Amino acid sequence: MMIRRPLLFLAVIFTIISCNSTKKETATTKIDLDKFNVKTVLDANLLKEKEVTKTLVYADSFPRNIDKGSKNWNFVGVKDWCSGFFPGTLWFAYEYSGDQYIKEQAQKFTEPIKTIAYTKADNHDIGFMVYGSYGNAYRLTGNEEYKNVLLAAADTLATLYNPKVGSILSWPSQVHKFRHNTIIDNMMNLELLFWAAKNGGSQTLYDIAKTHAETTMKYIVRKDSAVYHVGSFDENTGEFLRGYTHQGYADESMWARGQTWGIYGFSMAYRETGEQAFLDTAIKLSDHYINRLPEDKIPYWDFDDPKIPNAPRDASAAGVAACGMLELSMLVKDETLKAKYYNAAVSYIKALSSDKYLSGDTNQSLLLHSTGHFPHNSEVDVPIVYADYYFMEALVRLNKMQEAFAAE
Ligand code: GLY
């Protein structure tokens with residue numbers, strides 16, 4: 001089935017509630033509504049989420065990764081940057097299924113994260129932790145208690161803002177090494193600030209988020225259309241000192257997940273501000289990513305690792321890219337571009353839904369083959385919870401879009 005009427009397509013897209021190879025991609029001009037059945041993938045995996053929750057202790061421990069050869073999650077405490085992803089995955093599962101048991105589990109895993117909103121900020125990850133859990137919780141329930149936690153979390157995140165630099169200090173614990181540091185990942189946490197400014201928080205939160213995105217665009221997005229992982233700034237003058245990597249192969253290489261944080265982050269920043277330069281940046285980063293992807297659509301952990309094709313993949317980056325490009329497809333006006341980013345996102349979701357990446361009965365996760373921190377030999381080619389989170393988000397988003405197309 002093809003989209004026949006472009007104007008109607010536009011109308012449909014804008015009514016969807018946003019949750020807010022070295023080979024060149026051949027130009028496609030049409031949305032490709034083929035036989036990929038997103039519901040089948042969702043149904044199979046939701047059942048798994050439901051089963052997994054029965055074996056977990058939810059008090060103050062959250063799934064993070066699974067060792068090679070093991071079946072079960074390793075857990076982290078509430079302060080770990082990944083604490084919000086498991087509850088968030090459950091909220092997406094509830095969103096699709098309406099299953100009350102999954103909702104109860106989502107509530108239980110969300111609750112302990114409240115403490116992050118009311119504790120002195122020691123990193124920018126507050127957005128990942130609180131927006132992934134409480135943000136989805138509030139979006140789906142409208143519960144005012146969730147809203148209050150989100151507003152407090154936004155104020156806490158904003159305490160890390162340095163007006164001289166025009167950005168949030170991402171890692172206070174790394175100032176000895178990188179001075180005032182701002183990492184590309186931090187783009188994702190701006191969504192909490194934009195949300196808060198629209199929902200009873202201060203206008204300053206919006207200004208901070210927009211300025212942070214501008215600073216990131218100016219210094220961390222490189223001329224070669226890739227991104228630095230870390231931008232280092234003089235904390236007193238705001239001067240940009242230099243770009244580094246922390247989790248990538250080299251300072252000037254293209255770390256896969258960093259590129260996808262940029263794709264999703266700048267798409268979201270455009271959605272929230274209408275700033276054309278943010279949209280242009282999201283397009284530039286997406287096109288570079290698309291053009292450099294291997295044929296099977298799942299990136300190696302870093303596009304410049306000389307060991308490719310014998311380097312590990314990063315399924316998590318594919319999930320983030322899918323979410324970012326679904327978002328981007330809803331924001332661009334041009335029909336050819338809409339089709340390009342939508343079809344690219346679907347190709348990543350399809351690849352992740354293949355036997356090679358779905359974990360099936362292998363272990364408790366949804367996805368295999370993600371890479372967290374290769375240079376530290378940490379979480380290399382294993383299941384990681386944020387891969388599951390962005391995969392589930394992408395599936396649920398795609399399902400909503402497919403339903404809207406079908407209703408046309
Ligand atoms: N935000 C940390 C990472 O992407 O690994």
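No experiment lies behind these values; they were computed from the predicted model shown. Just follow the structure's listing: the first ligand is 1, and inside any ligand the first atom is 1.
- Salt-bridge check for Glu145 with Lys114: failed, with every basic side-chain N at 4.0 Å or more from each acidic carboxylate O.
- Nearest non-hydrogen protein atom to atom 2 (C) of ligand 1 is Asp185 OD2, 3.1 Å.
- A cation-pi arrangement, defined by a distance under 6.0 Å to the six-membered ring centre and an angle within 45 degrees of its axis, is absent between Arg64 and Phe62.
- The protein heavy atom nearest to atom 5 (O) of ligand 1 is Arg257 NH2, 2.6 Å.
- Taking both residues in full, the closest heavy atoms of Val130 and Ala153 are given as CG1-CB, 3.7 Å, listed atom of the first, atom of the second, then distance.
- For Trp81, no nitrogen or oxygen atom sits less than 3.5 Å from a nitrogen or oxygen atom of ligand 1, counting backbone and side chain alike.
- Ligand-side atoms of ligand 1 in range of Gln247: 3 (C), 5 (O), range being under 4.0 angstrom from any heavy atom.
- Remark: Glu111 does not engage Lys108 in a salt bridge, criterion side-chain N to carboxylate O under 4.0 Å.
- At a cut-off of 3.5 Å, with distance as the only test, a side-chain donor of Asn186 or Ser170 sits close to an acceptor on the other residue.
- Contacts of His373 with ligand 1, taken as heavy-atom pairs under 4.0 Å, are absent altogether.
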